[in-house]
A.B. asks: 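Okay, handing you the structure first.
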Amino acid sequence: MFGTTFQRKLAHCVVLRATLLIRRTKSNQCLHFFPGENSDLRGDGAFRREQPLGSTMELAYAGVLSFLRRNYTRNLQNVDVAVTGIPLDLATTYRPGTRFGPKGIREASTQLPDLKSHPGGIDLFEDLAVIDYGDCWFDASQPMTIPKAIENHAKEIIDQNVFLLSLGGDHYVSYPLLKAHAAKYGKPLSLVQFDAHCDTWPNPHEDSLNHGSMFYYAVREGLINPKTSIQVGIRTFNDDFMGVKVLDASWVHGHSIDETVQEILGRIGDNPTYLTFDIDCLDPAFAPGTGTPVCGGLSTAQALEIVRRLGSLNFVGMDIVEVSPPFDHASITSLAAATLAYQFLLLLRNKKILSKNFPFVPKSAQ
């Protein structure tokens, strides 16, 4: 009985599939259920696709491990977004390993582009041209040269009017990235920071590689405006938050997603905005693979829901940092980071297709 029922269902699926294919051919429409279904390529699209748009059917467990299977290239022609890795962990104050972050995030991302987005059902790469630019190269034996190497690497990309999404690396990388973006879009920028730590602890040594003081430097140097910046998920103390608005984790837990989002949007306004997401914003139950875990954080579900509703902000750059695969379990931290980065790209896609205001153009350039 089971075999007969199964065979009937299988035959029904085959007929349905054939009918859909016939209808598609007759109507000459590009109807497809899976990204890359209409492509003739199968596998390793990261170096076989000729254009930055479109997808390729892939085996989720095999093939080239570019971020979301995007083209591995440094050709920025007709590119909307370049994703780059910054494999740094020399600025950590506790557990190392974030040098493996970009690699871990890429590997965890391979399953995400197999299906259209949820809940919107969007084939992201039909509309948004995204490439994997590879990693920033620097000489780890010469640590004082690293900040400038990161800044110059970012400028190579954003100076060609390509949006940059960076994968860390420890959180110090946001400092040279902010310098590059402020040089392009004008300073000060607004900052949306998801984090367990404020990272505005004072440090008198401005050339110090310290992932707890880079936003202290950024405020002092006028790279970010604390009056239009906000930190979400904080659960460590500082005597001076330097004027940046703080929605600590307890506040977020005690309020709704909508209330949290309204606080963020109200604080930022229409200013050019840099988004940085330290994965330790999430509770260690959801992101154990990080350098300085702190209990009491956001869940992955909370973070995703908040991020999905930030589409009206004028983003000029984004990063996701502090993923340390050696301390991860079953890649859940890397998967959380990859999924958040995927949601970042969906925000940019919607700005391009729906609101027609991507890439962001500063008023001074209009």
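What's counted below: heavy atoms across the whole structure, side chains too, no hydrogens, waters or symmetry copies. Quantities reported herein were computed from a predicted structural model and do not represent experimental measurements.
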A.B. asks: Considering residues, nucleotides and ligands other than Lys103, do more than 12 of their heavy atoms fall under 6.0 Å from its NZ?
C.D. replies: no
A.B. asks: Would the distance check show the side chain of Ser117 and the main-chain N or O of Ile122 forming a donor-acceptor pair, the cut-off being under 3.5 Å?
C.D. replies: yes
A.B. asks: May I ask you to say whether Lys184 pairs ionically with Asp159, meaning some side-chain N is under 4.0 Å from a carboxylate O?
C.D. replies: no
A.B. asks: What residues form a salt bridge (Lys or Arg N to Asp or Glu O under 4.0 Å) with Arg308, not counting sequence neighbours?
C.D. replies: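 Testing Arg308 for salt bridge (Lys or Arg N to Asp or Glu O under 4.0 Å), a comparison that skips the adjacent residues, returns Glu305.
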A.B. asks: Between Thr200 and Asn238, is any side-chain donor less than 3.5 angstrom from a side-chain acceptor?
C.D. replies: yes
A.B. asks: Are a donor atom and an acceptor atom from the side chains of Asp278 and His171 found within less than 3.5 Å of each other?
C.D. replies: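 On atom types as modelled, these side chains qualify, holding a pair under 3.5 Å.
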A.B. asks: Using a strict 4.0 Å threshold on nitrogen-to-oxygen distance, state whether Asp135 and Arg99 make a salt bridge.
C.D. replies: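 Arg99 and Asp135: not salt-bridged.
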A.B. asks: Taking only Lys NZ, Arg NE, NH1 and NH2, and the carboxylate oxygens of Asp or Glu, determine whether Arg349 and Asp127 approach each other closer than 4.0 Å.
C.D. replies: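 Result for this pair is yes, salt bridge flagged.
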A.B. asks: How would you list, by chain and number, every residue that makes a side-chain contact (heavy atoms from CB on, under 4.5 Å) with Phe327, sequence neighbours excluded?
C.D. replies: Arg95, Pro96, Ser324
A.B. asks: Using modelled atom types only, decide if a donor and an acceptor are shared between the side chain of Thr92 and the backbone of Asp89 within a distance under 3.5 Å.
C.D. replies: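 Here the side-chain-to-backbone pair exists.
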A.B. asks: Using only atom types and a distance under 3.5 Å, with no angle test, would you say the side chain of Gln343 pairs donor to acceptor with the backbone of Thr339?
C.D. replies: no
A.B. asks: Indicate yes or no: at least one non-hydrogen side-chain atom of His197 is less than 4.5 angstrom from one of Gln231.
C.D. replies: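 When only atoms from C-beta onward are counted, Gln231 and His197 do not touch, as no gap falls below 4.5 Å.
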A.B. asks: Quick one: does Asn71's side chain have a donor or acceptor within less than 3.5 Å of a partner on Thr73's backbone?
C.D. replies: no
A.B. asks: Considering all heavy atoms of both residues, which atom of Leu90 and which atom of Pro143 are nearest to each other, and what is their separation?
C.D. replies: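 That would be CD1-CB, 4.4 Å.
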A.B. asks: Okay, side chain of Glu322, backbone of Gly168: is any donor-acceptor separation there less than 3.5 Å?
C.D. replies: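 Here the side-chain-to-backbone pair does not exist.
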A.B. asks: Give me each pair satisfying ring pair (Phe, Tyr, Trp, His ring centres under 6.0 Å) with a member in residues 35-82, each pair once, sequence neighbours excluded.
C.D. replies: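 Output for this query is empty, none listed.
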A.B. asks: Show your reasoning for whether ring pair (Phe, Tyr, Trp, His ring centres under 6.0 Å) applies to Phe360 and Phe315.
C.D. replies: CA-CA 7 Å; Phe360 174 74; Phe315 293 114; over 10 Å; no
A.B. asks: On a heavy-atom basis, which atom in Gly186 and which in Leu189 lie closest, and how many Å separate them?
C.D. replies: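 Minimum heavy-atom separation between Gly186 and Leu189: O-CD2, 3.4 Å.
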A.B. asks: Near Arg74 CZ, under 6.0 Å, is it more than 12 heavy atoms from other residues, nucleotides or ligands?
C.D. replies: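 More than 12 within 6.0 Å, yes.
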A.B. asks: For Lys245, is there an ion pair with Glu263 - N to carboxylate O distance below 4.0 angstrom?
C.D. replies: yes
A.B. asks: For Tyr216 and Glu221, test the side chains for any donor-to-acceptor distance below 3.5 angstrom and give the result as yes or no.
C.D. replies: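 No, no side-chain donor-acceptor pair sits under 3.5 Å.
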A.B. asks: Side chains of Thr228 and Arg267 only: does a donor on one sit below 3.5 Å from an acceptor on the other?
C.D. replies: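 Distance-only check fails for Thr228 and Arg267.
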A.B. asks: Measure across Asp170 and Ala91 and return the closest heavy-atom pair with its distance rounded to 0.1 Å.
C.D. replies: OD2-N, 3.1 Å
A.B. asks: Are Ser141 and Asp139 close enough that a side-chain donor and a side-chain acceptor fall under 3.5 Å?
C.D. replies: yes
A.B. asks: Write out all pairs satisfying ring pair (Phe, Tyr, Trp, His ring centres under 6.0 Å) with one or both partners inside residues 260-291, taking only residues at least two apart or from two chains.
C.D. replies: His181-Tyr274, Phe194-Phe277
A.B. asks: Relative to each other, are the rings of His255 and Trp251 parallel, tilted or perpendicular (30° and 60° limits)?
C.D. replies: parallel
A.B. asks: Just to verify, what does His253 make a ring pair (Phe, Tyr, Trp, His ring centres under 6.0 Å) with, not counting sequence neighbours?
C.D. replies: none
A.B. asks: For residues 89-145, which residue pairs pass the ring pair (Phe, Tyr, Trp, His ring centres under 6.0 Å) check, not counting sequence neighbours?
C.D. replies: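 For residues 89-145: Tyr133-His153.
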A.B. asks: Side chains of Thr273 and Asn314 only: does a donor on one sit below 3.5 Å from an acceptor on the other?
C.D. replies: no
A.B. asks: Between the main-chain N or O of Met57 and the side-chain N or O of Arg42, is there a donor-acceptor pair closer than 3.5 Å?
C.D. replies: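 Pair absent, no side-chain N/O of Arg42 close to backbone of Met57.
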